[in-house]
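Lettering of chains follows the sequences in order, A, B, ..., and the numbering in each one begins at 1. Owing to the predicted nature of the structure, the values given are computational and were not obtained by experimental measurement.
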There are 2 protein chains.
Amino acid sequence: MRQKYTKYGLKSQKLGFLTAGRENLLSIGSALTNSTNLKSLSQELGMSQTTVSRALNGFPEVSERTRQLVLKAAAKHNYKPNTRARRLATGKSMTIGHLVSVSKEHEMVNPIFADFIAGASARYAQSGYDLLLSLVPDEDEFTSYKELAARSAVDGVVVHAPRVDEQRIAQLNNLNLPFVVHGRSSNTVEKYNWVDVNNERSFFRATQLLIELGHRSIGLINGVAEMDFAMRRTRGYRRALKENNIAVAEAYITHSEMTEPNGYKNAITLLDLPTPPTAIVTSSIIMANGIRRALDERELKLGRDVSVITHDDDLSYFRDPAAVPVYTATRSSVREAGRLSADLLLKTIADPGRDPEGILLDAELILGSSTKPPRPR
Amino acid sequence: MRQKYTKYGLKSQKLGFLTAGRENLLSIGSALTNSTNLKSLSQELGMSQTTVSRALNGFPEVSERTRQLVLKAAAKHNYKPNTRARRLATGKSMTIGHLVSVSKEHEMVNPIFADFIAGASARYAQSGYDLLLSLVPDEDEFTSYKELAARSAVDGVVVHAPRVDEQRIAQLNNLNLPFVVHGRSSNTVEKYNWVDVNNERSFFRATQLLIELGHRSIGLINGVAEMDFAMRRTRGYRRALKENNIAVAEAYITHSEMTEPNGYKNAITLLDLPTPPTAIVTSSIIMANGIRRALDERELKLGRDVSVITHDDDLSYFRDPAAVPVYTATRSSVREAGRLSADLLLKTIADPGRDPEGILLDAELILGSSTKPPRPR
DNA sequence: AGAAAAATCCAAAGCGCTTTGAAAGCGTAA
DNA sequence: TTACGCTTTCAAAGCGCTTTGGATTTTTCT
């Protein structure tokens, strides 16, 4: 007799060992697939699988009486069509992929992604889509997209944290996989779907506000320079200075991953300059916390001694219900961006011929208590 | 002739309209399924689908020469078995579900979940599993698990943020769906898999340290009381006071969602008591930031005027590379917890007969600069 | 009443893979 | 040469659903 090498053979052996008492494979098989299926449901109802399937999926070709009978029986057994079978039959994955890259340097996961996904997830759920999440080392990003596409595991993907030069956009267009970018990529000429905040304008306004208050030495504590949002924010900052005839001091500009310790470290660097800035604009409320710590350490008071404006993604665990918020901020809900991205992606999947669309959100400039005119020397 | 009501009928009409030029459905169909499949690959190789499948899946029943030929051809076409088909055929979903509940009150997503998932995700990827993420309003939690099980969309789930009284554990045991709890549930007698930090002991130690420094009035700014971790931390805190014959002042204990503004608010409450505490223990580094802000506002200095110990989940965007960290902290990497949870879940799925296991992590007590003896009055 | 139209239902054919049970190929011993 | 045991390959049967093209029943219209 032929020796059994197959996976199944091995497994059944193992199972048999563990579940002594079972006499055959069949009983184990049925123990694994415990739930009601379409076949048994239709048999119980004395109808064909077709009719039951149609009744459940809302097709008009089944009488109302039949539909009610089917729905009642389905509810009774808590029947839900098997996802795996349904996906194979329909040829759709009903799944959206989110690939979030984890920076190699600090193994950092951008904290805004949780709130972004919270927004998107709700939309997917409404439309019956699942969310496939994968955190990948940033050098593996494209490989991961390609693999998802090749094994057709998803119907679309969201691209997080685009860089100024973003390869993924062209690559995804080639793969013919619907996608939406959260953010934009300046050096990309192709058309693509995106949802972004008006970074340039909001940092222009923030800087402008500080200038109007009388500040002339304004620091910028920004994210990593390769990131598109960071580049745009720097541009807004520079433009404001330029339009007000203030020279840009390169030493006032720092770029780094947006962690609290980096906010602290960069603020210390600025504060220890021969002529330290009297105001700071920063890209993240997490960094703002680090800046506050630096001020504290240098015995300086936020607002009174140094003004700070931060970008505020309206993260749920920093949301400030106070009438006057702590930080003057350019605020834009990243959760709302998640919702909009999801909507856009679902629209694109439903209608592949659709022209790519860009959605530009305008951050509000919210006045808090961290900005005051500079202290007279 | 019968009128076409079917979904497909409708859709093909729509597609036809949008893609003028295509003559028939077939061509559209093939445009959608663009990738190579097993059939075409085996035809090209002049082998049966069986042989190709076996060669790719590492079965020993295919000669080395054949395997190499197959692998080469597969690589050439970037062939990956279609996920949907494979899952139906094997009867496995190769997917782990993470249901993260979003609190109704603040729509808050616990910030630790991103790092936890980063840890788990890497493990899943290694074993060929996908991660299905769903953020659900906390009242829908169980419905969501039930639905995932009914449509057999996942092979196992992770339970986040268990409460002292946690219904989900018994429910999941009934569903016969493998699961791991991140944390524990005190009032649950059933056995289940869990990965948790020794919350009781670490808060005992933290409180003990403050007492040894000379503090007698110690506040506790904790998470929501229903959460199991919060209850255990309170217990450790109380035990330390008790063992040192210090009366517990209920006014020194606050419970709330762990946001920065709540940290601030609760700290202000404590600091404005007739006899304010000289030290505070808190459950989250985010709250610790709020506490620092409160100290700042009351013109108090962290460490010198009020000592603070925080629990530190070692979140990537707060990770402090400084030799002496800002906060004295009970530290335990939540990312490591994610890895361990994933390992445990995958083990359970591979071997369903396995006895449930609990993994207890011990938080380190890290000395930082936020703890000093109390200031003499 | 009879024919046409509409409504309702069904058997069967996939979806793209894995797995089974059997057949074919191949070297070696009798 | 034949027979035997391995090794290697294959045709075919599902997995549980959706969708097709018809078949059957009911309603509507003349």
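The CZ-P distance, from A:Phe59 to C:dA7, rounds to 17 Å in whole Å. As a whole-Å value, the separation of A:Leu69 CG from C:dT8 P is 13 Å. In this structure, B:Gln49 atom CD and C:dG21 atom P are separated by 19 Å, rounded to whole Å. As a whole-Å value, the separation of A:Glu61 CD from D:dT26 P is 18 Å. Across the protein-nucleic acid pair, A:Arg86 atom CZ and C:dG16 atom P stand 18 Å apart, rounded to whole Å. Atom CG in A:Leu41 sits roughly 13 Å away from atom C1' in D:dC17 (whole-Å rounding). Rounded to whole Å, atom C1' of D:dT18 lies 9 Å from atom CZ of A:Arg54. When rounded to the nearest whole Å, the span between CE of B:Met47 and P of D:dT8 equals 13 Å.
Between the side chains of B:Asn193 and B:Thr348, at least one donor-acceptor pair of N or O atoms lies under 3.5 Å.
Each of B:Leu88 and B:Val62 lies near DNA chain D, and the nucleotide nearest B:Val62 is the one positioned closer to the 5' end. Between B:Ala89 and B:Gly46, the residue anchored closer to the 5' end of DNA chain D is B:Gly46, taking for each the nucleotide with the nearest heavy atom.
At D:dC15, none of the side-chain N or O atoms of A:Asn82 fall inside 4.0 Å of OP1 or OP2 (strictly under the cut-off). A close approach under 4.0 Å does not occur between any side-chain nitrogen or oxygen of A:Tyr79 and OP1 or OP2 of D:dG16. Of the side-chain N and O atoms in B:Thr66, one or more sit less than 4.0 angstrom from OP1 or OP2 of D:dT9. An OP1 or OP2 oxygen of C:dT19 is reached within less than 4.0 angstrom by no side-chain nitrogen or oxygen of B:Thr90.
Between the B:Ser101 side chain and the B:Pro137 main chain, no donor and acceptor come within less than 3.5 Å of each other. In this structure, B:Ser42 contributes its side chain and B:Lys39 its backbone to a donor-acceptor pair below 3.5 Å.
At a threshold of 4.0 Å, the pair A:Arg87-A:Asp155 does not count as salt-bridged, since none of the basic side-chain nitrogens sits closer than that to a carboxylate oxygen. For B:Glu147 and A:Lys80, the salt-bridge test fails: no basic side-chain N is under 4.0 Å from an acidic carboxylate O.
At a cut-off of 3.5 angstrom, the base of D:dT19 holds at least one donor-acceptor pair with the side chain of A:Thr50.
Ranking C:dT19, D:dG16, C:dA11 by closeness to the A:Ser48 side chain, first place goes to C:dA11.
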